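Below, chains carry the letters A, B, ... as their sequence lines are ordered, and counting in each starts from 1. Worth saying up front: this structure is predicted, and the values here are computed from it rather than measured.
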Amino acid sequence: MRTHMCGVLDVSHIGQTVSICGWVGRRREHGEHLAFVDLRDHSGVVQCVVDNNVDVRSEYVIRITGVVRARPEGTVNAGLPTGAVEIGECVVEVLNSAEPPPFPVDARADDVDESVRLKFRYIDIRRERMQRNLRVRSKINSAIRSEMESNGFVEVETPMLMPSTPEGAREFLVPSRKEPGSFFALPQSPQLWKQLLMVAGVDRYYQIARCLRDEDLRADRQYEFMQLDAEMSFVSQDDVLENIGRAVVAAAIAVTGEAPPEIERITWRDAMERFGIDKPDLRFGMELVELTALFASTEFKAFAGAACIKGIRVDAATYPEAAAYGRNKLDALTDRAKKIGAKGLVWMKVGADGAVDSPVAKFLTDSEREALVATMGAVEGDLLLLVADEWETTVEVLGQLRNDIGRPPVHEGPYRYVWVTEFPLFVGVDPVSGKPRPGHHPFCHPHPDDLHLFDSDPLKVRALAYDLVLNGWELGSGSIRIHEPELQRRVFNQLGISDEEADRRFGFFLQPFKYGAPPHGGFAFGIDRLAAILAGEENIREVIAFPKTQSGSDPMTNAPTPVESAQLAELGLRLLPPPASS
RNA sequence: GGUCCCGUGGUGAAGCUGGAGUUCACGCCGGCCUGUCAAGCCGGAGGUCGCGGGUUCGAGUCCCGUCGGGACCGCCA
């Protein structure tokens, strides 16, 4: 039907007779026999000069055959890639008429209520922004596939219907027709399958896999999302990071055209000490400054004897607004700190010659004040925020405040990829059982250097577990897995899971490991998140063709919807009456 | 489960201290217009102010509830 795409036409086509197809963007009428029609397809827009007695309106689907010609002197549109040419002598064929669209099919729709955009997603996607975003995704998928293939990975598709494994995220359940009362679960991730593929000798597996989790939605979370899921046998942690890193870099290059700076590495401990969070945003400073020793012998009650005192410096030159916060804002920061778990927040405004304005200034000695200002590197106008508490609380609160005050939108500025390594094997203690809780999942391999602490001080044991973080968003995580049954048993026992219980809950998974499981490890990272950041979006819905709203529904299809009672009966299901309204 | 913000013609907004569905821009329909380009000019149509209740002589406006949307917390091993 067509010889060219609309957006590619330029002066090199002058004189050619072309046929182009697309949607009518705008129409500008000038009297009885002249009108300009902007014809749009995904490649762009080109102006067609048509007779005004042709009735074409917004979003009509038309085919135009005409001659590419240079625009007359003075009518070139420099703002349009095709703006030096136009299509003349047009023969217009209306392939389909159209109702007026509910919102402008251009950048103005960025301001339209998102549920309206989603209700008419097929129109929304006609827009340049959405076309670009979907193509960013496609490039990422393609780059990842070719990079993984060239590194010897083989793509294996794993089942969507699998047994329920009630660990971790809430699962979507699918009732069984053949076995009423039994259910399949949709995979939260192909974790189980990929480890079995290692036992099966596949050696290097990958999959661009759909994962489903029935948890509340967010800007960076949907019910269903795509991950690059990979697993490797006979490898060290470095081998995994190296190979996943290559895929990420290939994807970034495919989209941006340039290689990002080398992926940095930081240990979990350092990330927490310096940034107060396990997904540090390295695009800005305001790092946490260690102050515990400085106040070791202070008389100030709130600091005396505190396990950990740290502070952040809100640099007036970089954050003039925050550094000049008035009492209201400072009280709000304090409330925020308390909400996160701190007993309080100490703020200090640094004046001329190191003078300090703070409600608690009078409790500090001159030498403490001087040492503080010097250690923080503070200058006049800066705001200092200090927390004294247990280590976890201190770093977490300051890390959160640091992000609140300084963190730019996720897609802005340089791309700062960082591996966060050496996550703790266990995190905290279950208040009911008194047993440690797994930091990631119970199949992560403990760090070999820490095995001597395994029984005596389990919370100090690091894992061969790692995350990939980009601009403060967790892209994904992975680990070296336990392949030795005896070590697995020790981890389960530490978690308070007996051999019998482990067998009952994970038997179908552990059994295969008795038949020759190779050492292996892997990773998975979220393609939606990477695509959003590389596309310059703050929300993964913008890079998903048909996403759900935050409440988990689809305004276009109205899913989820009730089903016929016959369908329920066939599945052996009966609905409970709705909860009584009060 | 929780906190906060937003619901006004098709779209985006304004509507202040409660006083007639008022206003602006875009779109839409009709007319004019031969070089525009998010064209211009003239005219017109189009709204149960999300929904329900309350306060009031009177509610888009104040209060309560509810529904929808969004940001975040919980949750996401």
Side-chain angles (χ1 to χ4, degrees), chain A residues 25-40 45-52 55 57-59 71-80 82-84 86 88 98-120 123-124 165-171 188-189 191 211-223 225 332 335-336 339-341 400 403-404 423 425-428 430 436-444 463 465 474 477 479 491 495 497 505-506 526 538-539 541 548-553 555 558 581-582:
Chain A
R26 307 200 64 79
R27 169 197 178 94
R28 297 174 291 278
E29 298 176 276
H30 291 265
E32 199 180 350
H33 291 299
L34 176 66
F36 300 101
V37 167
D38 291 335
L39 190 61
R40 182 193 68 240
V45 165
V46 67
Q47 172 168 286
C48 305
V49 185
V50 304
D51 190 293
N52 200 8
D55 186 25
R57 299 174 186 233
S58 285
E59 302 309 308
R71 293 205 189 179
E73 186 79 31
T75 64
V76 168
N77 182 349
L80 195 65
T82 62
E86 62 189 15
E99 303 269 312
F103 48 80
V105 190
D106 60 33
R108 283 173 294 187
D110 291 346
D111 298 325
V112 171
D113 189 299
E114 198 185 343
S115 61
V116 177
R117 288 177 55 205
L118 292 181
K119 184 169 183 176
F120 299 93
I123 298 173
D124 191 38
T165 51
E167 321 313 321
R170 188 181 292 120
E171 299 169 313
Q188 306 166 30
S189 88
Q191 182 69 30
C211 305
L212 298 108
R213 296 180 187 173
D214 188 4
E215 297 290 351
D216 285 1
L217 291 71
R218 287 283 200 289
D220 59 352
R221 283 161 30 186
Q222 281 274 307
Y223 280 152
F225 57 99
D335 286 347
R336 174 97 167 119
K339 216 168 178 180
I340 301 167
Q400 195 53 249
N403 270 351
D404 288 352
F423 270 73
L425 188 64
F426 305 111
V427 173
D430 188 292
R437 292 185 295 197
H440 186 50
H441 60 57
F443 312 111
C444 291
E474 179 191 320
S477 58
S479 62
V491 171
L495 292 168
I497 299 172
R505 282 164 64 181
F506 307 109
E538 287 184 70
N539 192 309
R541 292 190 296 271
K548 307 285 186 286
T549 66
Q550 193 170 84
S551 58
S553 61
N558 288 322
S581 53
S582 49

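For the C1' atom pair drawn from B:C75 and B:G18, the interatomic distance equals 43 Å after rounding to whole Å. Taking the C1' atoms as reference points, B:G60 lies 16 Å from B:G52, given to the whole Å. B:G65 and B:C26 have their C1' atoms separated by 36 Å, with the value rounded to a whole Å. Comparing the C1' positions of B:C76 and B:C5 gives an interatomic distance of 24 Å, to the nearest angstrom. Rounded to a whole angstrom, the distance from the C1' atom of B:G15 to that of B:C24 is 11 Å.
In the set B:C37, B:G1, B:C29, B:C37 carries the atom at the smallest distance from any side-chain atom of A:R71. Checked against B:U11, B:A71, B:G35, the side chain of A:L34 finds its nearest nucleotide in B:G35. Each of B:C33, B:G35, B:C28 was ranked by its minimum atom distance to the side chain of A:V49; first place goes to B:G35. The side chain of A:R26 approaches B:G27 more closely than any other nucleotide in the set B:C37, B:A71, B:G27.
Atom-to-atom, CZ of A:R28 to P of B:A39 comes out at 5 Å; the value is rounded to the nearest Å. As a whole-Å value, the separation of A:Q550 CD from B:C4 P is 15 Å. A straight line from CZ of A:R170 to C1' of B:C76 spans 10 Å, rounded to a whole angstrom. Distance A:E73 CD to B:G35 P: 16 Å, rounded to the nearest Å. To the nearest angstrom, P of B:C6 lies 21 Å from CZ of A:R117. Distance A:D113 CG to B:G70 P: 8 Å, rounded to the nearest Å. Between the CG atom of A:N52 and the C1' atom of B:G30 there is a distance of 14 Å, given to the nearest Å. Counting to the nearest Å, the C1' atom of B:A38 and the CZ atom of A:R27 are 17 Å from each other.
A:E474 comes within contact range of no nucleotide atom at all, as no heavy-atom separation falls under 4.0 Å. Here A:D214 lies out of heavy-atom contact (under 4.0 Å) with every strand.
Contact annotation: A:S58 side-chain N/O to B:C28 OP1/OP2 distance is under 4.0 Å. A:N539 has a side-chain polar atom (N or O) that falls below the 4.0 Å cut-off from OP1 or OP2 of B:A71. Residue A:T549 places none of its side-chain N or O atoms closer than 4.0 Å to OP1 or OP2 of B:G68.
Comparing A:N77 and A:R336 by the nucleotide of RNA chain B whose heavy atom lies nearest to each, the residue mapping closer to the 5' end is A:N77. Residue whose closest nucleotide on RNA chain B sits further toward the 5' end, between A:S553 and A:G31: A:G31.
Look at A:R117 and A:D110 and you find no salt bridge, because none of the NZ, NE, NH1 or NH2 atoms lies under 4.0 Å from a carboxylate O.
For a distance-only test at 3.5 Å, the side chain of A:R541 fails to qualify as a donor-acceptor partner of the base of B:G70. A donor N or O paired with an acceptor N or O is not found under 3.5 Å between the base of B:U34 and the side-chain atoms of A:E32. The base of B:A38 lies close enough to the side chain of A:R108 for a donor and an acceptor atom to sit less than 3.5 Å apart. In this model, a side-chain donor or acceptor of A:R221 finds a partner on the base of B:C75 within 3.5 Å.
Look at B:C16: it lacks any Watson-Crick or wobble partner with both distances under 3.5 angstrom. Judged by Watson-Crick or G-U wobble contacts below 3.5 Å, the nucleotide B:A38 has no partner.
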